[in-house]
Amino acid sequence: MSIRRLLVANRGEIAMRVIRAARGLGIETVLAASEPDRHALPARYADRTICIGPARASESYLRVETVVAAALGVGADAIHPGYGFLSENAALAEACDDAGIVFVGPTAAQVLEVGDKLRAREAARAADVPVTPGGPIASYESARELAERVGYPVLIKAVGGGGGRGMKRVDAPAHLEASMTLAVAEARAAFGDARLYLERFVENGRHIEVQVVGDGTNVLHFGERDCSIQRRYQKLLEEACAVDVPIDVRDAMRAAAVRFAARLHYRGAGTVEFLYDADRRDFSFLEMNARIQVEHPVSEAVTGVDLVALQLSIAGGASLPFAQDDVVFEGHAIECRINAEDPANDFRPSAGTIATAAFPTGPGIRVETFVESGSRVLPFYDSLIAKIVAHAPTRPAAIERMRVALRQCRIDGIATNLAMHASILGDETFRRGAVTTAYFRTEHVPSHA
């Protein structure tokens, strides 16, 4: 069945992105918004807006029963969860099935399979995808024994989570027990799941992820992205395609991602994430995100494929409309995440009213945002307010195009990380493509930002 009316169960720039893709397909959109979001740009852009609760996400965007009731109430055929919030919540996928509503995403079983990091590691092994040495840890004793076998430094991670929560690097045995205690507390609070696992920490690692889309029968990849520039495991800048990774390794990653998703008979858009060890020149599986990613625009830029429109078409029952050989990669793309936060004050979120918002335009520049002059940045949600994407025939050209775009961008009234991005783009290590996950340093936090 084709989708006629879509409930967009999210906010911010991803809500704008989904609405735009739906419009292009002739799909009517209804935005599910919290009380303060009823007056934001996405609410004016959607065909209709329905209020689903107060500002706090726990009382609005994170309530499965409320979102499903809203979809039923407006006669929506489908729900698009965007990213974050309920996008990787199997309960929403199951509730949609029970209510006869299309969930724009993978099946509930697939969400559960990849959401549990231990099950995902086993699925990777079954698909002949290399996995980082490590395993589950049920006690301090088991962690100590496994860490000794793997070798320090190690990384403790939450089985049920992501985004850096419940994740601790441990450099020596003396710090293991205290790190486990902190990780358990964070994992339980964030995910309701205190289980942990341990992996070898790669000192000179690169975070490379492969975009995949499946229709339940076939899976295609849309190249890889380098997401190594991170702060506290949160991505800041992404590139497509990967930089300074041998082409044979990139090809192997792409093939491994397709094997992994194909074994699950994956349906929808997803990202298979790998850690590339620049010293060993090999890679290993990290996890799969069963949703569209924040950084999907760089993959769209180099392939010319609208991934969100493809998501919606597949959710409506269509098959993948082309073969892998039809996916052609052109040029290089960079995305900078513009956050409402103060880099000079430990990246503290910066809420308030935007006095002036002026975004760059021009050839090869794309801006995804939900703010304008006079918009209120609320303290209840993620600090991401815009994404700037620069696409050019070569990486050096894309870097220069982005530097110009950042100079053209003006956001007054709140603090942002614009100056930090400008600093990164001018750094010689970045320009050489020699970044690792340890790249982010204090000199990329301008005091005047």
Side-chain angles (χ1 to χ4, degrees), residues 1-8 10 14-29 76-83 87 93 96-97 101-107 109-111 114 127 209-225 240-241 250-251 253-272 288-331 333 335 366 368 389 391:
M1 59 165 280
S2 59
I3 299 171
R4 294 173 293 111
R5 183 175 297 158
L6 176 72
L7 185 81
V8 181
N10 215 298
I14 187 59
M16 294 288 288
R17 176 70 184 89
V18 172
I19 293 168
R20 186 173 74 247
R23 275 188 171 182
L25 296 173
I27 298 172
E28 180 185 352
T29 57
D77 306 303
I79 293 175
H80 195 304
Y83 51 68
S87 61
C96 285
D97 288 343
I101 298 171
V102 173
F103 177 71
V104 183
T107 66
Q110 290 165 350
V111 173
V114 302
E209 60 187 31
V210 178
Q211 176 71 59
V212 296
V213 178
D215 60 13
T217 302
N218 298 308
V219 175
L220 302 180
H221 75 77
F222 295 83
E224 75 286 338
R225 301 182 287 252
C241 298
R250 290 167 53 193
D251 287 342
M253 284 186 189
R254 294 172 174 183
V258 170
R259 286 199 307 276
F260 181 84
R263 185 175 178 83
L264 300 175
H265 302 287
Y266 194 78
R267 185 194 72 191
T271 302
V272 184
M288 182 179 192
N289 289 307
R291 53 174 166 79
I292 198 73
Q293 292 272 88
V294 176
E295 58 272 21
H296 76 273
V298 291
S299 296
E300 293 183 328
V302 297
T303 62
V305 176
D306 186 326
L307 294 170
V308 179
L310 191 56
Q311 259 193 311
L312 290 167
S313 296
I314 289 171
S319 299
L320 285 163
F322 40 73
Q324 187 67 66
D325 289 345
D326 298 317
V327 181
V328 179
F329 300 92
E330 295 185 358
E335 175 182 284
R366 168 176 167 180
E368 301 280 354
V389 180
H391 181 223

So which atom in [X] and which in [Y] form the shortest heavy-atom distance, rounded to 0.1 Å?
X      : Y      : value
His391 : Ala301 : CE1-O, 3.2 Å
Asp215 : Ala318 : CB-O, 4.2 Å
Gly223 : Arg254 : CA-NE, 3.8 Å
Gly268 : Ile314 : N-CG2, 4.3 Å
Gly82  : Ser87  : O-CB, 3.3 Å
Met288 : Ala261 : CE-CB, 4.4 Å

Enter the distance from [X]:[atom1] to [Y]:[atom2] here, rounded to the nearest 0.5 Å.
X      : Y      : atom1 : atom2 : value
Arg20  : Arg17  : CZ    : CZ    : 4.5 Å
Asn10  : Ile292 : CG    : CD1   : 12.5 Å
Leu6   : Glu28  : CG    : CD    : 10.0 Å
Leu220 : Gln211 : CG    : CD    : 11.0 Å
Leu264 : Gln110 : CG    : CD    : 6.0 Å
Leu320 : Thr217 : CG    : OG1   : 9.0 Å

Donor-acceptor contact below 3.5 Å, side chain [X] vs main chain [Y]:
X      : Y      : result
Glu368 : Ile14  : no
Arg267 : Gly105 : yes
Asp306 : Val308 : yes
Arg366 : Val389 : no

- Message: Using the rule given for side chain to side chain contact (heavy atoms under 4.5 Å, CB included), can you reason through Phe260 versus Val219, listing the C-alpha separation, both sets of side-chain angles and the distance that settles it, and then say yes or no?
- Response: CA-CA 10 Å; Phe260 181 84; Val219 175; over 6 Å; no
- Query: Are Arg225 and Glu335 close enough for a salt bridge, meaning some N to O gap below 4.0 Å?
  - Reply: no
- Side chains of Val305 and Phe322: closer than 4.5 Å at any heavy-atom pair?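 Yes, at least one pair of side-chain atoms sits under 4.5 Å.
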- Item | Leu310 vs Phe222, side chain to side chain contact (heavy atoms under 4.5 Å, CB included): CA-CA, chis, key distance, verdict | CA-CA 12 Å; Leu310 191 56; Phe222 295 83; 3.9 Å; yes
- Message: Please evaluate residues Glu295 and Thr271 with respect to the criterion side chain to side chain contact (heavy atoms under 4.5 Å, CB included), reporting the C-alpha separation (whole Å), side-chain torsions for both, the decisive distance (0.1 Å), and the verdict.
- Response: CA-CA 10 Å; Glu295 58 272 21; Thr271 302; 5.5 Å; no
